[in-house]
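Every number for a ligand or one of its atoms is a count from 1 in the order of the listing.
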Amino acid sequence: MKGYVFLGDKEIDFVEKPTPTPGPGEALIKEKTSALCGSDLHVYRAPKAYRSSCTHTYTGHEPVGEVIAVGEGVQWPKVGDRVVGYHALGCGECRYCQTREFKKCPHNFIAPPDDPERVAMMENRDGSNADHFVAKSGQLLPLPDDFSYEDGSVLSCNFGTAWSAIKTGSCFPGGTIALWGLGPVGLNIVLIAKKLGMRVIGIDLSSARCDFAREAGADEVIDGSQTDAVEKLLSLTGGEGADTVIDTTGAGPVHERLVEATRLGGHIVLVGMGHETSVGPVPAIILRQVTIHGSWIYDIADWWPMLEFVRQHEIDLMSCVEEVVPISQFPEKIEKADKGECGKIIFRWD
Ligand SMILES: [Zn+2]
Ligand SMILES: [Zn+2]
């Protein structure tokens with residue numbers, strides 16, 4: 001099989017290695033689509049010293065394709081099934097993995113890089129930017145025929161992450177969301193929140209992203225490069241702030257302002273992973289009685305309600321995608337993404 005690897009310091013290589021035979025409990029997938037995601041950029045930019053131990057693993061974490069072989073003991077999926085790979089792998093043995101809550105496995109990304117039991121796609125496990133992908137059957141999700149492979153790529157990361165943020169933030173119809181960051185995850189939050197009957201106030205420093213959010217249905221959009229976003233938000237909410245404040249930027253200057261942007265008793269959901277900054281100050285968190293949540297990807301159990309929600313509301317998942325291109329364009333697209341010059345890109349393998 002062949003695919004792309006990150007060597008560190010923004011260098012890429014196209015590497016061929018033997019296609020694996022699925023072992024007991026595993027399935028081999030022929031990739032149909034994969035996607036470019038903000039998380040890939042963190043790995044692309046990582047220094048060579050950090051990447052030196054994992055330059056043999058393929059990049060990407062949104063595998064979607066067709067099962068072409070299964071190992072011993074696999075009841076589902078069958079050869080020919082269309083599937084999506086869940087991107088938290090998990091050790092397969094801890095209390096969380098036993099109940100398929102792989103995202104809570106302590107050997108995921110939360111484990112230190114030198115943990116010998118750490119399991120992480122793009123690091124010590126192959127990711128999705130390759131023509132084949134092998135996975136434990138329990139980490140695969142069915143992709144029904146009424147969803148395209150491209151839809152699968154959107155669902156598997158951006159939409160799922162947006163879904164979980166909304167669920168985690170105790171959102172409710174008629175409530176107000178203040179949403180920092182109007183990239184692919186942010187736009188999916190706009191789509192879902194509007195279908196739930198919420199008022200959505202989007203905030204970004206890019207006027208182009210503000211325009212995308214307006215098109216996606218945001219009620220108000222604040223260009224933070226032109227005005228103080230929190231002051232504007234407070235003026236739009238009668239001085240109270242939003243019921244739920246979601247940050248997809250991971251930016252320190254945003255973190256500092258989240259508490260004052262939140263209504264008394266409201267919820268803050270942190271989704272964007274950027275710098276190691278803090279949300280504060282503590283007295284204000286206590287006196288304003290806000291609840292701060294971390295939300296990472298989505299639960300496997302969310303998959304089926306997500307599919308049904310998209311069907312019920314006839315959501316066009318591709319409306320948040322800029323382009324679908326052949327995988328051969330991976331190097332140029334990641335270079336553009338690194339400069340902030342492109343939105344969500346999906347790669348096709350055939
Ligand atoms: Zn992703
Ligand atoms: Zn585990």
Side-chain angles (χ1 to χ4, degrees), residues 4 6 25 31 33-46 57-65 84-112 115-130 133 135-139 141 143 149-165 181 183-189 248-250 271-274 295-300 302-303 306 317-318 320-324 327 330 333-334 337-338 342-347:
Y4 289 95
F6 289 146
E31 294 253 17
T33 58
S34 58
L36 187 53
C37 180
S39 330
D40 298 331
L41 288 173
H42 297 309
V43 188
Y44 175 64
R45 293 166 183 156
T57 51
Y58 295 130
T59 66
H61 58 271
E62 297 164 2
V64 182
V84 167
Y86 184 68
H87 51 252
L89 298 178
C91 68
E93 290 171 10
C94 71
R95 59 181 285 192
Y96 302 108
C97 289
Q98 297 226 357
T99 51
R100 289 186 86 197
E101 296 174 277
F102 302 116
K103 73 172 190 169
K104 292 183 186 152
C105 174
H107 302 294
N108 265 324
F109 290 94
I110 196 169
D115 176 349
E117 291 181 64
R118 180 175 156 107
V119 276
M121 234 187 257
M122 303 198 274
E123 292 189 5
N124 57 2
R125 297 289 187 280
D126 280 323
S128 60
N129 289 326
F133 180 76
K136 293 229 173 6
S137 60
Q139 277 159 332
L141 299 163
L143 183 67
Y149 286 116
E150 289 83 352
D151 289 338
S153 283
V154 176
L155 286 163
S156 78
C157 185
N158 293 156
F159 189 91
T161 301
W163 178 273
S164 180
V185 172
L187 291 179
N188 278 281
I189 290 173
T248 71
T249 70
V271 179
M273 262 194 275
S295 178
W296 184 51
I297 59 172
Y298 55 98
D299 292 313
I300 281 190
D302 288 329
W303 182 252
M306 274 163 44
L317 292 166
M318 297 306 286
C320 296
V321 173
E322 186 173 293
E323 258 185 307
V324 180
I327 188 69
F330 181 80
K333 292 300 178 191
I334 193 140
D338 180 49
C342 66
K344 185 71 178 175
I345 303 288
I346 292 182
F347 301 107

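Remark: the Ser34 side chain and the Asn129 side chain contain an N/O donor-acceptor pair separated by less than 3.5 Å.
Note: angle at the Zn ion (ligand 2), from SG of Cys97 to SG of Cys91, is 120° (rounded to 10 degrees). Between the SG atom of Cys105 and the SG atom of Cys94, the angle taken at the Zn ion (ligand 2) works out to 110° after rounding to 10°. The angle that Cys37 SG and His61 NE2 make at the Zn ion (ligand 1), rounded to 10°, works out to 100°.
Residue contacts to the Zn ion (ligand 2): His107 brings no N, O or S atom closer than 2.8 Å. At a cut-off of 2.8 Å, His87 does not coordinate the Zn ion (ligand 1) through any N, O or S atom. With a cut-off of 2.8 Å, the Zn ion (ligand 1) has an N, O or S atom of Glu62 in range.
A pairwise comparison of heavy atoms in Thr161 and Tyr298 identifies N-CD2, 4.1 Å as the closest pair.
In this structure, Leu143 and Val64 have side chains that are in contact, with non-hydrogen atoms separated by less than 4.5 Å. With a 4.5 Å cut-off on side-chain heavy atoms, Ile297 and Tyr86 count as touching.
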message: What verdict does the side-chain contact (heavy atoms from CB on, under 4.5 Å) test give for Asn188 and Trp163, after you've listed the backbone C-alpha separation in whole Å, the side-chain angles of each residue and the deciding distance to 0.1 Å?
response: CA-CA 8 Å; Asn188 278 281; Trp163 178 273; over 6 Å; no
